Amino acid sequence: VPNYAGIRLDVLPVRMVENVVSGSNDLGFIHMAEPCPPMRIFNNEAFANIIGVFVLPLKSGNCQTVNLYKSWKAAHMAFFLAEVMVSTTQVSRIVVADSHIGILPYMSVGSAYRRLFFSDITIIGSSPASSCSRSKMCRTQSTVDPTMLTCESIFAASYLQRVGYVAPFNTAHKKTCWTSLDPRQCRTLGQAYPVLDDCDMPFEKHLHMDKGLGWTFFERTKFAHWPANDCTHPDGTSMKTRAYTMSTSGPEVSFPSTFTNTTWYQADALARFDLSAETLDDSFVGRRSPCKLRSGGCMGLDQALIQDTDGSFVEYMQDSAGNDIKIPNGTFASVVPYTPRTDIVWVSQCTRTLNGVDVGAQICVNTTVQLLEMHNLDRGAKDVKFGPLVLTPDVEEENGFEGGVLSSVGPFYAVCPCGWDFSFYHVLVKPNVIYDAEVMSLPENIMLRYWSPNPTDSIVVRFFYPDSRGVNVFVGRDKKPPMELKLARMPTKEDKHGAHVVDSQRLCLAITLRGSAEGFSARRDLVIRRSPTVKLKMNVEISIEEFNGENFETNLAILLGIPPERVKVVKVQTGRRLRALPFIAGDDENADCTDTGCPAITRRLASSSAGVEVDIQPSPEAAAAASGGDSESTDADALNAQAAELNQVSATLETLKDSSSLAAAAGGEVQVTELAAPAEQDTSMSEPAVSDADVAAPTMVNVLEV
C-alpha cells in the first residue's frame, strides 16, 4: 500500500517555512532531516493527520537535525524519526500535542556512538482542545487494516491512549522504502512505503534485531496535561496517558535518557512515566518467550534508566520522616524500573512513591545509576546465550546495597525470523562499588563498556574464573595490551581503567573500569582475550606410577608436528573409567548373563587408569610471523594467528583421539573425555570505530534567527 503525504519532498528544499498540513488520511509531512546546522525547514505545522511529521534519515554524514515544528491531533504519531542512520540527531523547538504517540525515534545507527539531543521540546498529552468523543481511539496501518481505520498500536493492549515520548532502540532492520529499495522504485511508492506484514507494522514495531545502546539528552523540556486516566475505551476500561515510556516491541534495548531543566504542568504523578512490568505486561510483543511480569524478564525494561541532573524531572522526594517534599534545585536523581529483577536490589536506596503516589518505578534521589555493557566476541557468538549476567555487590563494603543482585537476562528469540543476536548484555550499576560477576559460560573474548563520563566514577568487576590461563586486556582500539595494567594484586577502585589480575587460587578475574568522556563515547572499551590454548583431557589405561608424562609430551608433539615444549601435562590423577567385562560361562561375576549376552550392569571401573590433563601452548612462530618477528608478542594480530594455528592442532587431535597412535604415545588405551580448542575472535562482532567526526560538537545556531 503506497503511502502519501500532504507535503512530500524527495530532496531537501531551499526553504520550507510556515506551511500547514491538515486532514491527511496518511502522512502530513515527509522529508529528509537536514544536515547540521539547520538552515532550510522551519515553523511548519501538522494537525489532524494519521502521522504528523515523518522524518527520513540522512544516509551519510555525522549529524542531522529537525527544528521548529508543531504537530498535534495525530491519530498515530505526531513526530516520527524513521531509521536514524547518522551518529548524532538534534531536535529543537518541537511541540507535539493530543496525539496517540508524541515523539518516537526509530534508530538504525551502525556506529557505536549514538546520540539524540532534544532541546526546548513541549510534549502535551490531552489538552483542553482534546475531546473524548472525537479523540478516543488511535489509527494505525497494519496487515489487517491497510487503510488505518482501527488501532493496532503496540500500546493498545495496555490501554494507553497517549504516550508522550518512547525511549528509542537501535536495530539493524530497515523497513522504509527510503532505506531498503532502489530510489527509482521508491519514487512511485512514497518513501515511507513499508513491507506490509505482521513483522513490520505498525511503524513503531521493530524486528528484535537490536544493535547496541545509545543515549538521549533533554534540555528545557515541558510536559503538560498528563492525566493518569483519560477517556473510556469502548469496552468500558479507563484509558491511561503516560508522558514517558519504553518500546514494548521486542524490548531488549532502551536508550537511557538524561533530563535537565524540566517543567511539569498539570501532570499527575502516575502519568509521568511508565517503567512497570505489571502495567506494561499486556503490551509486550515480538518475542517467542514472553517477558511477562513473572517470567524471564525483558532486558530493555529491566535495564531502562532515566537520569535527572537537577531534580526537575523527578520533582519530589521523601524526607527522613517519609513525607514527600519538593527536591532542592540541583539534586541528582535516577529513575529505574520496577520489575521482579530490580525491586529487591534497589529498595534500600529508592522509593516507589512520587508525591504520595505509587508510580510503579523506583525513584532514587541522590543516587547515581549507570550501565555496564558486555559483548561476546567469540566466533559464532550471535547464536549463543552466555548469560544471564549477574552482579552481586560486595557485602563487605559500605555501598548502600542491602541484599539482592543486579541481573540481566539478555536477548530472547523473536517471533519473526530475523537474524537475532544473543551476544550482548547490559545491566544497571551504581558507581564506586565492587561487584562479583557470574555468567553461565564466560566467553574467551569479551568487550566491556562502562557508561560513565565521570573520571571519578569506577567499578571493580570480579568474574568467577576457574581457568589458569592469563588474559590480555586491550583499551579502545589499541592493538597492544598495556603491560602496566597487568597487576600482581587485586585491582581497586582507585586503579586505572583496565587494571586487572587473574587469581588462580580465588578462581577470579578482576578488572577495574573507570569513567571518562572517551569511554562514554565508546572509545575506551575494554576487549579482554584469554591466552589461546588447546585443552585435552583423557583417561589412559595405565597406572599413575607407570605413566611417563615427559615421554608423553614428546610423543604427542611428534604426532602433532609441533615443538615438545608447547605440550604440557598439567595434571595426572586417578582416573575413573567404566570398562565392559567379558562374558565367561559359569563365572559367578556373570551370573546374570545368558547365551545371548550380558546386561548393562557388567561394567566396572578399570582398576588402573590415569586421568591426564594436557595444555598445548600457543605457537611463538605464529606470533612472530604476525607481529614482525616478535615471538613473545601478545598484540591482537599475534593472538589471532596463534588461535588459528591452535585450531588446526585441535583438528589434528580430533582425528587422532581414537587412534592407536595416540594410545602408543600415552602408553595405554586412551579415552578422550574433553578436547577444547580456543575461540577465535570474530572481528565482525566489533562495532565500527567511533571517529573524531562522530563525536565532534556540531555547529550550533539559534534557529529563531535563521
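Heads up: numbering here begins at 1 and tracks the sequence. What's counted below: heavy atoms across the whole structure, side chains too, no hydrogens, waters or symmetry copies. Keep in mind it's a predicted model, so treat the numbers as computed, not measured.
Side chains of S516 and E518: a donor-acceptor N/O pair is absent below 3.5 angstrom, by distance only. S452 and N454 are not linked by any side-chain donor-acceptor pair at a separation below 3.5 angstrom, with hydrogens and angles left out of the test. Side-chain polar atoms of T554 and N551 form no donor-acceptor pair below 3.5 angstrom. Residues S458 and T512 have side chains that never bring a donor and an acceptor to within less than 3.5 angstrom of each other.
Under a cut-off of 6.0 angstrom, the local environment of CD in E484 is crowded, with over 12 non-hydrogen atoms contributed by other residues, nucleotides or ligands. The number of heavy-atom neighbours closer than 6.0 Å to CG of L507, taken from other residues, nucleotides and ligands shown, is above 12. The neighbour count for E438 CD, taken as heavy atoms of other residues, nucleotides or ligands under 6.0 Å away, does not exceed 12. Counting non-hydrogen atoms of other residues, nucleotides and ligands closer than 6.0 Å to CD of E674 gives a total above 12. The neighbour count for K59 NZ, taken as heavy atoms of other residues, nucleotides or ligands under 6.0 Å away, is above 12.
The backbone N or O of K480 sits nowhere less than 3.5 Å from a side-chain atom of D478 that would complete a donor-acceptor pair. Between the side chain of T216 and the backbone N or O of S257 there is no donor-acceptor pair closer than 3.5 Å. Checked by atom type and distance alone, the side chain of E397 pairs as donor or acceptor with a backbone atom of I434 at under 3.5 Å. A donor-acceptor distance shorter than 3.5 angstrom exists from the side chain of S521 to the backbone of A517, with no hydrogens or angles considered. K486 contributes no side-chain N or O that, together with a main-chain N or O of N472, makes up a donor-acceptor pair within less than 3.5 Å. Counting only distance, with no hydrogens or angles, the side chain of R341 and the backbone of V405 share no donor-acceptor pair below 3.5 Å. Q671 places no side-chain N or O within donor-acceptor distance of the main-chain N or O of D658, the cut-off being under 3.5 Å.
Nearest heavy-atom pair across A622 and A641 is O-CB, 3.7 Å. For the residue pair P678 and A643, the shortest heavy atom distance occurs at CG-O, 4.0 Å. Listed here is the closest heavy atom pair of G498 and V473: O-CG1, 3.9 Å. Of all the heavy atoms in V429 and L406, the pair that sits closest is CA-CD1, 4.4 Å. The two residues A679 and N445 have their closest heavy-atom pair at O-ND2, 3.1 Å. Here the shortest heavy-atom pairing between C36 and Q90 reads SG-OE1, 3.7 Å.
Ring geometry, Y435 versus F401: the interplanar angle exceeds 60°, so the pair is classed perpendicular (tilted spans 30 to 60°). Below 30°, between 30° and 60°, or above 60°: for F547 and F552 the angle between ring planes is between 30° and 60°, a tilted geometry.
When side chains are defined from C-beta on, S619 does not count as touching L646, because their heavy atoms never get closer than 4.5 Å. With a 4.5 Å cut-off on side-chain heavy atoms, V672 and V670 count as touching. Taking 4.5 Å as the limit, every side-chain heavy atom of N432 sits out of range of all side-chain heavy atoms of I459. Taking the side chain as every heavy atom from C-beta outward, D467 and V502 never approach each other to under 4.5 Å. Within the 4.5 Å cutoff, no side-chain heavy atoms of P411 are placed close to those of D210.
In this structure, R462 pairs ionically with D436, as a charged nitrogen and a carboxylate oxygen lie closer than 4.0 Å. Ion pairing of D615 with R469 is absent here, as no side-chain N (NZ or NE/NH1/NH2) approaches a carboxylate O to less than 4.0 Å. At a threshold of 4.0 Å, the pair D635-K479 does not count as salt-bridged, since none of the basic side-chain nitrogens sits closer than that to a carboxylate oxygen. Between D378 and R530 no salt bridge is recorded (no basic side-chain N to carboxylate O distance below 4.0 Å).
Distance check, rounded to the nearest 0.5 Å: CD of E444 to CG of L377 gives 12.0 Å. To the nearest 0.5 angstrom, E613 atom CD is 10.5 Å from M538 atom CE. Note that CD1 of I511 and CG of L487 are 10.0 Å apart. Values are rounded to the nearest 0.5 Å. Atom CD of Q307 is separated from atom CZ of F332 by 4.0 Å, given to the nearest 0.5 angstrom. The CZ atom of F218 sits 4.5 Å away from the CZ atom of F259 when rounded to the nearest 0.5 Å. Within the model, atoms OH of Y450 and CG of L448 stand 12.5 Å from one another, a figure rounded to the nearest 0.5 Å.
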Practice prompt. Please report the C-alpha distance between S254 and L301 in whole Å, then the side-chain angles of each, then the deciding distance to 0.1 Å, and finally whether the side-chain contact (heavy atoms from CB on, under 4.5 Å) criterion is met.
Written response: CA-CA 7 Å; S254 287; L301 173 61; over 6 Å; no

Discussion item. Under the criterion side-chain contact (heavy atoms from CB on, under 4.5 Å), I'd like the reasoning laid out for L428 against V345: C-alpha separation, chi angles, the key distance, then a yes or no.
Written reply: CA-CA 11 Å; L428 298 174; V345 70; over 6 Å; no

Fill in: M490 vs C508, side-chain contact (heavy atoms from CB on, under 4.5 Å): CA-CA, chis, key distance, verdict
CA-CA 9 Å; M490 293 297 290; C508 175; 3.9 Å; yes

Worksheet entry | Audit row: E645, I562, side-chain contact (heavy atoms from CB on, under 4.5 Å) steps and yes/no | CA-CA 11 Å; E645 189 270 346; I562 62 176; 4.2 Å; yes

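Cation-pi geometry between K385 and Y425 is not met: the NZ or CZ atom fails to fall both under 6.0 Å from the ring centre and inside 45° of the normal. In this structure, R115 forms no cation-pi arrangement with F117, as its terminal cationic atom is not both closer than 6.0 Å to the ring centre and no more than 45° off the ring axis.
The only member of H426, H206, K211 that meets side chain to side chain contact (heavy atoms under 4.5 Å, CB included) when paired with V253 is H426. Evaluated for a side chain to side chain contact (heavy atoms under 4.5 Å, CB included) with R114, the options T89, V84, V109 yield exactly one hit, V109. Tested against W215, the residues F520, F255, Y113 include a single ring pair (Phe, Tyr, Trp, His ring centres under 6.0 Å) partner, F520.
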